[in-house]
Asker: 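Dropping the structure in here first, questions after.
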Amino acid sequence: MSSNNQQLVEKQKVVVVGNGMVGHHFVEQLAQLRTANPAIEITVLSAESRLAYDRVHLSEYFSGKTAADLAMTDEKTYQEWGVKFQTDAKVIYIDRANKQIVTKNDEVIEYDKLILATGSYPFVPPIPGKDRDHCLVYRTIDDLDDIQASAKVSKVGVVIGGGLLGLEAANALTALGLKTHVVEFAPQLMGVQIDAGGGRLLKEKIEALGVQVHTSKATRIIEDGDECRYKLCFSDDTVLETDLILFSAGIRPYDNLAKSFGLEMGERGGIVINNQCQTSDENIYAIGECALWNNFIFGLVAPGYNMAKVAAKHIMGEQASFTGADMSTKLKLMGVEVGSIGDAHAKTTGALTYTYENQPEGIYKKIVVSSDKTKMLGAVLIGDTSEYDSLLQYMLNAIDLPASPEALILPSSGEKPTLGVDALPDNAIICSCHNVTKGDIISSIDQGACTLGDVKTCTKASTGCGGCTALLKNVADKEFSSRGVEVKKDICEHFAYSRREIFDIVNVEKIKTFDELLASHGKGHGCEVCKPLTASILASVWNDYILKKPHLSLQDTNDTYLGNMQKDGTYSVVPRVAGGEITPDKLIALGQVAKKYKLYTKITGGQRVDLFGARVEELPPIWQELIDAGFETGHAYGKSLRTVKSCVGSIWCRFGVQDSVAMAIALENRYKGLRAPHKIKFGVSGCTRECAEAQSKDIGIIATEKGWNLYVCGNGGMKPRHGDLFAIDIDDETLVNYIDCILMFYVRTGDRLQRTSVWMDNMEGGLAYLQSVIIEDSLKLTDYLQAQMAAIIGTYQCEWKTTLSDPEALKRFKPFVNSSKPDSNIIFVQERDQIRPATTDEKIAQRSQTVKITNAGKIAEEA
Amino acid sequence: MSEQTISAKNKHWLTICQTSDLIKDSGICALIEQEFEEKQVAIFHLPNTEKQVYAVGNYDPIGQANVLYRGIVGSVGDDIVVSSPLYKQHFCLTTGKCLQEDKYIEVFPARIIDDYVQLFV
Ligand code: SRM
Ligand SMILES: Cc1cc2nc3c(=O)[nH]c(=O)nc-3n(C[C@H](O)[C@H](O)[C@H](O)COP(=O)(O)OP(=O)(O)OC[C@H]3O[C@@H](n4cnc5c(N)ncnc54)[C@H](O)[C@@H]3O)c2cc1C
Ligand code: SF4
Ligand code: FES
């Protein structure tokens, strides 16, 4: 320790052996907790040549992921956290008396607390020949490199072991192009998780996928092959030829250190720990797959993470204990859905089972219930895991079963008894990926989440594997509706209706003004929420000129003045530049106007030009000049179509396959002026290189050789969302038809200020539902939607043009009713050769000079 | 900040404009030029309320700009309010109180006499 540290308390040294998923999670937890108490020094020793990576998704290494993609941390992150680390540093010795460890590089490191997170290693049965070349295991990235290398010079591969990992490995071998076999010692596949019936069906399904399964086979010896590299000789005297052998016959805890240095061990291995994850030496903890708790080893990552959390807290002096974990699993193996819950083998005394099997469709379901048929004990699901969530909840929360429990798995001949979410206790885990309970969801709603989307953002629920989406929605919806009072869909205190309901009222009752609506359906005097909302609906339904007298007072200032108000009360001016295409003359005209009125000029993120700093009274003359030069309003102020961003496309680009610019211009002109719940942006790219970033737009269009791919509901902004692929290779006409309907459907059903991305995230049935409404016309709505869009397109007007020809409307642009002086509080200063609003200090400084600066010389110069 | 210094006895009803200059359920702005300072007054016309006309300072103390007359008017409970066009806080048109923050704006007595709008300034 350096001398200037001497006045500090001696640091507590925490040494972590193993940097697998759990070891890393421990480091992360401790590093976070430590911020309150920096007097802890963390050292990590990894036997592998790299820092922690995602072993759970290891197989994705074969489908294109790199080691860097799988990495869970990197050297820089550990350095930032102040964590010391060494790779290729296997620990070989523990000196408990002196609290030291020794690495294989003979380095001696002291510890106060030692964490064993050594995980496990693949068990290779003692078959003669097992150590020959091309006999491999499936555990680390290095193993996968070996498998890949061997597969290159092999044609046939055999996986020894038909458990969960073995099947995953078999999948990998098929993906590498090998003819693949699975050899299992037991009479069935996945014997740990599923029962014999399920195993039989799984075998059929996997064989249908081209992998041959050999059960009840014990390998005696590995010999040289006749056609292949090797020959497996089984105890029943049959043989199987193969070039590559992959052992996946189970895992064994890496407990050799504990064994050699006198820590208490389980009878069949594993380092014994207590509820705080301490071993028999209180200064040594064991977590993850090397630890044995309650005579049980947890071969999954979630329980390991829990142990990591508990150990980190315990070291920091906080209360925490590990109390076991549920081992239920739901997964897709080679495209086959498999689910296993609790006591899948009905080992509990008195347990009763119900089984449903549908051989033609390859579905097998079994539930295991208590002897009195009131509680769920376990389940096996093959081929269809749609009931997994609710069965799991029945088991985890000991919820009383319905009178005929079999109804839970029988195909819906009648009404399926659905698990009322009310029945779930607050500690019921809804999303296991992120450990989100029903209580967490409720409290996120208490704290202000008012849509499903909000709940997802706050709790992270349903952002992992996505398996809990339906359940999450049930819980959240129930919660929303149960508190009708606080989280009602009412738009504001003046109307007890949602935006959608108001839309229908306006439409059906042919309401044309806010006053009519307020008198018939509202109370009070309205507000800044219901007024613009009504204006927007009136505009969508009737497409009236937005500044018509009865609507004038409803609009936000941006809509009233047809510009965006800036911080100092001036406005911005954004003319439409459809598709981003602009002639030199128009560009010059823009420049001349900006120069004449001394406006700050900036290229926007939407492929057009924004002119800032126009006072209200300057807006009409500025726009008059722009309109004279051939411009029209860009609706930068409206909840309406903003820009259709384009790339140059086939007209110039050597890769372009369609004319993206022409399409962008056509679409921008088609939908300009359309009022919507929120702003709408499009992008059109001329080829798959996607230079227009269309997939981040509400409507994204990408040219293909055959037509266009349509993406919907993308978003940049605060919470980016990648658009969903809605339709492939469609022609111009279909494209426009679809967009007409999608936009109109959004205008009708979207909530106030809800972008299409959030609209989609909250849509029951999601993309598939939207596709069925628009493509299959499942609601028989598309004719109507198209007609409505056609009506709106037919009535488009440039709002600035209309305003300029209406002397009444122009009156509003006078700064004062009784004076034509400008607002003296608007003061600019120069920066980088343009104006910007003065800061308060600058204003005070300038005021104290003289009157002459009140305008900062910004009165229009005559040319 | 600079408080109003002119004493009440110097105040009088000042005719600002005609009622036809008002905009129903919306605001206009008047410039009052007094000896040492200019004052901007936002005047709102709500014909469906008892007082019909309301007048408050145009300066938004939160957004720090002269913009209040361009806000949307309406009600919050029983209060008649304007919502600032910058950051949407509500100011009560009868008391000048901001409903969200501890801020006040000036309130001016206003009336309609014949066809004219007058402020007491
Ligand atoms: C001018 C511009 C920034 C720039 O200098 O480039 C801009 C400026 C403003 N943006 Fe933006 N946005 C601008 C491009 C974008 C983009 C990029 C794009 O369009 O490609 C995005 C992300 C893409 C997206 O929307 O998905 C963007 C996401 C936002 C958001 C967040 C929206 C969201 O869904 O999260 C807001 C806030 C809102 O709308 O509620 C916002 C709001 C605003 C407002 C209106 C804020 C305000 O109320 O004053 C800004 C005033 C504009 C003005 O006075 O004219 N702006 N804004 C860009 C104008 C583009 C145009 O030509 O119309
Ligand atoms: C292909 C595959 C798929 C899987 N899929 C899932 C799944 O879908 N869901 C799930 O929950 N789990 C899954 N698992 C299991 C999951 O990966 C493990 O539960 C988890 O990785 C255990 O973490 P750990 O940190 O305890 O052990 P490990 O990740 O094994 O890490 C232990 C580390 O310690 C190192 N080490 C050992 N001895 C020493 C020593 N003496 N000195 C220094 N370092 C040492 C090892 O080299 C290793 O790097 C899968 C595993 C595999 C292989
Ligand atoms: S990012 Fe924020 S600051 Fe920048 S323009 Fe958009 S809204 Fe304004
Ligand atoms: S359970 Fe995986 S995302 Fe919720």
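It should be emphasised that the depicted structure is a prediction, and the values quoted were computed from it without experimental measurement. Lettering follows sequence order; numbering is per chain, from 1. What's counted below: heavy atoms across the whole structure, side chains too, no hydrogens, waters or symmetry copies.
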Asker: Compare every heavy atom of A:Thr840 with every heavy atom of B:Gln64, then report the nearest pair and how far apart it is.
Answerer: OE1-OG1, 3.5 Å
Asker: Tell me whether A:His494 contacts the main-chain N or O of B:Ser75 through its side chain, where contact means a donor paired with an acceptor under 3.5 Å.
Answerer: yes
Asker: Is A:Asp556 in contact with chain B via its backbone, its side chain, both, or neither, using a 4.5 Å heavy-atom distance?
Answerer: both
Asker: Name the region of A:Glu493, side chain, backbone, both or neither, that has any atom closer than 4.5 Å to a heavy atom of chain B.
Answerer: side chain
Asker: For B:Leu86 and A:Gln566, which heavy atoms make the closest approach, and how far apart are they?
Answerer: CD2-O, 3.5 Å
Asker: So for B:Ile43, is it side chain, backbone, both, or neither that comes closer than 4.5 Å to the heavy atoms of chain A?
Answerer: neither
Asker: Under a 4.5 Å heavy-atom cut-off, does chain A meet the side chain of B:Val76, its backbone, both or neither?
Answerer: both
Asker: With rounding to the nearest 0.5 angstrom, report the CZ to SG distance, A:Arg812 to B:Cys29.
Answerer: 11.5 Å
Asker: Please determine whether the number of non-hydrogen atoms from other residues, nucleotides or ligands lying under 6.0 Å from atom NZ of A:Lys814 exceeds 12.
Answerer: yes
Asker: Between A:Lys531 and B:Asp25, is there a side-chain N and carboxylate O pair less than 4.0 Å apart?
Answerer: no
Asker: Any idea which of B:Asn66, B:Ile80, B:Asn48 has the most non-hydrogen atom pairs under 4.5 angstrom with chain A?
Answerer: B:Asn66
Asker: Compare all side-chain heavy atoms of A:Phe816 with those of B:Ile28 and state whether any distance is below 4.5 angstrom.
Answerer: no
Asker: What option among A:Cys527, A:Pro532, A:Ser553, A:Gly524 has the most heavy-atom pairs under 4.5 Å with chain B?
Answerer: A:Ser553
Asker: Check whether A:Pro815 gets within reach of chain B through its side chain, its backbone, both or neither, counting any heavy atom under 4.5 Å.
Answerer: backbone
Asker: Going from CG on B:Asn58 to CG on A:Asn825, what distance comes out if it is rounded to the nearest 0.5 angstrom?
Answerer: 10.0 Å
Asker: At a heavy-atom separation under 4.5 Å, does A:Lys523 approach chain B through its side chain, its backbone, both, or neither?
Answerer: neither
Asker: Kindly compute the distance separating OG (A:Ser824) from CD (B:Glu38), expressed to the nearest 0.5 Å.
Answerer: 4.0 Å
Asker: Do you know which two heavy atoms are closest between A:Lys821 and B:Glu33, and how far apart they sit?
Answerer: NZ-OE1, 2.7 Å
Asker: Within the side chain of A:Asp568, is there an N or O that forms a donor-acceptor pair under 3.5 Å with the backbone of B:Ala65?
Answerer: no
Asker: Is B:Ser20 in contact with chain A via its backbone, its side chain, both, or neither, using a 4.5 Å heavy-atom distance?
Answerer: backbone
Asker: Quick check on B:Gln18 against chain A: is it the side chain, the backbone, both or neither that has a heavy atom closer than 4.5 Å?
Answerer: neither
Asker: Sort B:Ile23 into side chain, backbone, both or neither according to what part of it lies under 4.5 angstrom from a heavy atom of chain A.
Answerer: side chain
Asker: Please look at B:Leu31 and chain A and tell me whether the side chain, the backbone, both or neither of the residue comes under 4.5 angstrom of a heavy atom of that chain.
Answerer: both
Asker: Which one wins on heavy-atom pair count under 4.5 Å against chain A: B:Leu46, B:Val73, B:Val117?
Answerer: B:Val73
Asker: With only heavy atoms counted, which part of A:Ser819 is less than 4.5 Å from chain B, the side chain, the backbone, both or neither?
Answerer: side chain
Asker: Should we count NZ of A:Lys567 as having more than 12 external heavy atoms under 6.0 Å?
Answerer: no
Asker: Measuring from atom OG1 of A:Thr557 to atom OH of B:Tyr69, what distance do you get when rounded to the nearest 0.5 angstrom?
Answerer: 8.0 Å
Asker: Under a 3.5 Å distance rule, please check whether B:Arg70 uses its side chain to pair with a backbone N or O of A:Gly569 as donor and acceptor.
Answerer: yes
Asker: Atom CD1 of B:Ile16 and atom CG of A:Asn818: how far apart are they, to the nearest 0.5 Å?
Answerer: 5.5 Å
